[in-house]
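Just below is one structure, and these are the notes that go with it.
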Amino acid sequence: MTIETTSRPEHFLHRIIREDLESGRVPGPIVTRFPPEPNGFLHIGHAKSICLNFGLAEDFSGRCNLRFDDTNPHKENLEFVESIQADVRWLGYDWEDRLYFASDYFEQLYVFAQELIRNGDAYICDLTAEEIREHRGTLTEPGRNSPYRERSVDENMDLFARMRAGEFPDGSKVLRAKIDMASPNMNMRDPALYRIRHGVIHHQTGEAWCIYPMYDYTHPISDALEGITHSICTLEFEDHRPLYDWVIQHVSVPCRPHQYEFSRLNLAYTVMSKRKLTTLVGENLVAGWDDPRMPTIAGLRRRGYTPESIREFCSRIGVTRSDNLVEMGMLEDCIRGDLNERAHRRMGVLRPLRIVLTNYPEDGEEWLSAANHPQKPELGERKIPFCREVYIEHEDFMETASKKFKRLVLGGEVRLRYGYVIRCDEIVRDAAGEISELRCTYDPDTLGADPEGRKVRGVIHWVSARHGVETEVNLYDRLFVEESPDALEDFRQGLNPDSLQVLEGCRLEPALADVPAGEAFQFERVGYFCRDSGSADAKRPAFNRIVTLRDSWAKISAQE
RNA sequence: UGGGGUGUCGCCAAGUGGUAAGGCACGGGAUUUUGAUUCCCGCAUUCCCAGGUUCGAAUCCUGGCACCCCAGCCA
């Protein structure tokens with residue numbers, strides 16, 4: 001990790017585990033788990049959970065399992081179980097041989113359900129979904145008992161077996177826990193434990209089952225079977241904890257795991273719910289799960305974020321139980337910090353303006369030395385071609401400007417990075433009156449040396465017109481113009497129409513011609529970029545802007 | 001109007017009765033062949049509000065207020 005890991009205060013879950021270990025409440029090594037449902041790609045909110053669960057296991061020399069919570073075949077598929085594993089691995093975590101599926105436990109889950117029935121703790125209910133809702137009551141009124149609540153154990157056992165055997169149609173029956181229809185906690189009002197689902201092919205169990213267990217029933221038992229010591233989830237499950245404990249207490253499970261909750265991550269100007277991300281992908285509002293504008297792990301990876309920067313981010317935001325909305329600036333600082341250390345420097349001109357050096361030989365050419373990383377000479381250097389015509393950034397020239405502008409102006413001088421000092425003598429305009437070219441002269445005595453008797457304040461980047469590689473560059477901005485799209489009636493109304501800007505005709509120094517996709521470079525004075533992985537077989541490589549460099553000039557010029 | 005949570009700087013976030021850490025952002029300065037980096041300096045007399053206990057309260061007590069979650073045969 002190239003980012004300096006500053007010591008951070010201990011968060012509440014770390015403290016709980018440390019104390020459990022110190023007091024002996026938990027004797028052995030701790031066991032946590034990351035339990036995604038394979039119904040979508042992982043996003044940075046999941047990264048927080050992954051870093052937490054795997055990180056805690058690392059900190060205390062315990063283990064962390066990867067377990068797919070695949071109890072709802074209707075929404076899940078193999079593409080997602082594969083992408084999830086790839087993402088967790090990419091983040092740098094290893095579950096070794098502990099890859100589990102809740103569906104691995106279907107048979108055991110079934111036997112435990114029989115135990116509940118035998119003990120009078122569960123019953124088969126024939127009410128329809130709507131009738132169940134009506135019987136449930138409201139937040140302020142208690143519910144009413146189902147007319148099927150007092151069925152005999154024998155009848156329940158028989159009915160449950162026949163449910164499994166496929167004798168009843170979808171929705172006709174459900175297995176329910178017998179708890180308390182008057183509980184102020186809605187989750188305890190005889191929650192459904194099993195439902196009937198015919199005709200779906202489960203990605204792991206195929207057509208072996210037509211009844212599927214619910215999350216509230218499956219999760220605690222899966223935890224217990226795996227010997228999970230600390231079952232960590234997000235705050236919206238806090239109301240489910242009494243049910244989690246109820247299940248653990250009413251079934252002969254090998255151990256008693258405990259559930260702890262923390263608050264989920266919210267990032268400004270984006271959405272973090274799988275439902276909404278699925279909508280963006282499904283309605284082609286973005287180019288896919290790995291669109292570089294997406295807050296998904298796959299999107300961030302394609303954008304050029306490093307695993308280290310994401311882990312650093314998760315460490316910086318901390319773990320608490322309070323609602324939060326983290327600024328993008330926090331994430332951006334993490335990737336800048338990482339890339340500043342490791343990215344090699346290159347030059348690239350996004351909006352080219354042609355310069356002709358009138359006093360440079362027509363067919364002259366020289367190769368100048370440039371450091372790969374000015375602060376790290378050990379990273380070596382490369383050669384950059386220089387000739388009579390070069391491109392500079394259009395915004396680095398102004399016909400006239402205030403004294404604060406230290407780039408090129410008509411009649412003024414500026415240094416070409418790693419090259420000579422040039423002076424602008426003349427502006428050439430096209431038919432529309434737009435600046436199309438600059439006629440300049442270079443000072444041959446200024447290569448690696450300051451000019452005599454003058455001070456040149458500015459340094460700008462450039463690319464040889466004859467040698468530069470023409471390319472397309474994708475500039476990304478926030479996906480939403482709304483800080484909290486979730487607060488909108490329709491979150492799609494908050495989308496930023498300018499979140500992607502494609503620049504054509506950009507020029508890059510030759511050293512950038514054949515770089516592998518995903519490797520980050522700093523285009524000096526501009527930002528960090530990497531070749532897009534989606535363009536591997538494209539004729540010309542497209543580059544993605546990962547993040548801009550900090551730009552204090554933008555603040556100054558904005559004030560004028 | 002039931003139950004469960006949360007409220008410390010613009011944003012994260014330490015703090016657990018002894019007189020408000022840190023990071024991001026922001027402002028100022030130094031160095032710089034990246035207006036980048038790096039380096040200094042500044043940035044909560046105050047902890048949702050109001051009472052109370054105490055020599056002393058962000059921390060304890062009482063009463064308010066605000067916000068989040070819960071009425072799927074989703075997870």
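Below, chains carry the letters A, B, ... as their sequence lines are ordered, and counting in each starts from 1.
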Interatomic distance, A:Asp223 atom CG to A:Gln259 atom CD [nearest 0.5 angstrom]: 8.5 Å
Looking at B:G72, B:A13, B:C73, which one has an atom nearest to any side-chain atom of A:Ile132? B:C73
Can you measure A:Phe262 atom CZ to B:U6 atom P for me and round it to whole angstrom units? 15 Å
Do A:Arg345 and B:U34 have a side chain to base donor-acceptor pair shorter than 3.5 Å? yes
As a test of reading the structure: which of B:G7, B:A25, B:A75 is closest to the side chain of A:Asp69, going by heavy atoms? B:A75
Between the protein and nucleotides 16-21 of chain B, which nitrogen or oxygen pairs are less than 3.5 angstrom apart?
residue: B:U16; atom: O4; partner: A:Arg15; partner atom: NH2; Å: 2.8

So that I know where these two stand, are A:Tyr418 and A:His461 an aromatic pair - ring centroids less than 6.0 Å apart? no
A:Val459 has its side chain closest, among B:G35, B:G5, B:A75, to B:G35
In whole angstrom, give the distance that lies between atom CZ of A:Arg133 and atom P of B:C74. 12 Å
Rounded off to whole Å, could you give me the OH-to-C1' distance for the A:Tyr269 and B:C11 pair? 11 Å
Identify which nucleotide among B:G2, B:C69, B:C74 has an atom closest to any side-chain atom of A:Asp239, counting heavy atoms from C-beta outward. B:C69
With a non-hydrogen cut-off below 4.0 angstrom, is A:Ser183 in contact with a base, only sugar-phosphate, or nothing? nothing
If I pick the P atom on B:G7 and the same atom on B:C48, what distance separates them, to the nearest angstrom? 9 Å
Against the side chain of A:Arg550, the closest entry in B:C24, B:C74, B:U1 is B:C24
Strictly under 3.5 Å: I want the nitrogen or oxygen pairs between protein and nucleotides 28-30 of chain B, one per line.
none

B:A14 and B:C74: how far apart are their C1' atoms, nearest whole angstrom? 37 Å
Does a side-chain N-to-carboxylate-O contact under 4.0 Å join A:Arg321 and A:Glu261? yes
Parallel, tilted or perpendicular: rings of A:Phe543 and A:Phe523 (30°, 60°): tilted
Remember a base hit wins even if backbone is also touched, and classify A:Arg417 as base, sugar-phosphate or nothing at under 4.0 Å, heavy atoms. base
Would you indicate what A:Tyr212 reaches in the nucleic acid, counting non-hydrogen atoms under 4.0 angstrom: base, sugar-phosphate, or nothing? nothing
Report yes if some heavy atom in the side chain of A:Leu116 is under 4.5 Å from a heavy atom in the side chain of A:Tyr217; otherwise report no. yes
Mind checking if A:Leu139 touches a base, just sugar-phosphate, or nothing, with heavy atoms under 4.0 Å? base
Which nucleotide, B:C74, B:A71, B:A25, lies nearest any side-chain atom of A:Asp333? B:A25
Could you give the CZ-to-C1' distance, from A:Phe529 to B:A36, as a whole number of Å? 13 Å
Using a cut-off of 4.0 Å on non-hydrogen atoms, how would the nucleic acid contact of A:Leu368 be classed: base, sugar-phosphate, or nothing? nothing
Ignoring hydrogens and angles, state whether a donor on the side chain of A:Arg8 or A:His14 is under 3.5 Å from an acceptor on the partner side chain. no
Of A:Arg336 and A:Ala554, the one whose closest nucleotide on RNA chain B sits nearer the 5' end is A:Arg336
Note: for A:Gly329 and A:Phe12 on RNA chain B, the residue whose nearest nucleotide lies more 5' is A:Phe12
Would you measure the distance from the P atom in B:C40 across to the matching atom in B:G35 and give it in whole Å? 22 Å
is_close_aromatic(A:His240, A:Tyr244), centroid dist under 6.0 Å: no
Does the base of B:U33 carry an N or O that pairs as donor and acceptor with the side chain of A:Arg415 under 3.5 Å? yes
Applying the 3.5 Å cut-off to both distances, the Watson-Crick or G-U partner of B:A13 turns out to be none
Mind listing the residues from residues 184-194 of chain A sitting with a heavy atom below 4.0 Å of RNA chain B? Number order is fine. A:Pro184, A:Met186, A:Ala192
Quick note, A:Phe405 side chain, CB onward, closest among B:G2, B:G4, B:G35 is B:G35
Strictly distance-based, threshold 3.5 Å: is any side-chain N or O of A:Arg189 a donor or acceptor partner for the main-chain N or O of A:Arg136? yes
Would you mind classifying the nucleic acid contact of A:Thr320 as base, sugar-phosphate or nothing, using non-hydrogen atoms under 4.0 angstrom? sugar-phosphate
For atom C1', what is the distance between B:U54 and B:U19, given to the nearest Å? 14 Å
Rounded to whole Å, please give me the gap between CD in A:Gln259 and P in B:G5. 12 Å
May I ask you to say what A:Met347 touches in the nucleic acid, namely base, sugar-phosphate or nothing, with a heavy-atom cut-off under 4.0 Å? nothing
Pick the C1' atom in B:C70 and in B:U1, then give their distance to the nearest Å. 15 Å
So, under a plain 3.5 Å distance rule, would you say the side chain of A:Arg407 forms a donor-acceptor pair with the base of B:G35? yes
The single option from A:Phe160, A:Tyr212, A:Tyr123 passing ring pair (Phe, Tyr, Trp, His ring centres under 6.0 Å) against A:Tyr194: A:Phe160
How long is the line joining CZ of A:Arg264 and C1' of B:A75, in whole Å? 10 Å
Have a look at A:Gly458 and say if it touches a base, only the backbone sugar-phosphate, or nothing, with a 4.0 Å heavy-atom cut-off. nothing
Check every strand shown and say whether A:Pro374 touches a base, only sugar-phosphate, or nothing at a heavy-atom separation below 4.0 Å. base
How close or far is atom C1' of B:G35 from atom CG of A:Leu549, stated in whole angstroms? 10 Å
Under the criterion of centre distance below 5.5 Å and interplanar angle below 30°, is A:Trp553 classified as stacked on the base of B:G35? yes
Contact class for A:His240 (heavy atom, under 4.0 Å): base, sugar-phosphate, or nothing? base
Does any N or O donor sit under 3.5 Å from an N or O acceptor when you compare the side chain of A:Glu141 with the base of B:G2? no
Tell me whether the side-chain N or O atoms of A:Gln375 pair up with the base of B:A36 as donor and acceptor below 3.5 Å, since no angle test is needed here. yes
Aromatic ring proximity A:Phe68/A:Tyr100, centre distance under 6.0 Å: no
In this structure, how many angstroms lie between the P atom of B:G7 and the CG atom of A:Leu325, rounded? 16 Å
A:Ser552 has its side chain closest, among B:U6, B:A36, B:C12, to B:A36
Taking the P atom in each of B:U59 and B:G52, what is the distance between them to the nearest angstrom? 14 Å
Compare the minimum distances between each of B:G5, B:A71, B:U1 and the side chain of A:Asp323, then state the nucleotide with the smallest one. B:G5
Taking donor-acceptor contacts at under 3.5 Å, does the side chain of A:Gln522 reach the base of B:U34? yes
Indicate, with a heavy-atom threshold strictly under 4.0 Å, whether A:Thr138 touches base, sugar-phosphate, or nothing. base
Using the side-chain heavy atoms of A:Met330, tell me which of these nucleotides is nearest: B:G35, B:C24, B:A75. B:C24
Using atom C1' in both nucleotides, what's the gap between B:A71 and B:A21 to the nearest angstrom? 43 Å
Separation between the C1' atoms of B:A58 and B:U16, rounded to whole Å: 11 Å
Just call it for A:Glu37: base, sugar-phosphate, or nothing, with non-hydrogen atoms closer than 4.0 Å on any strand. sugar-phosphate
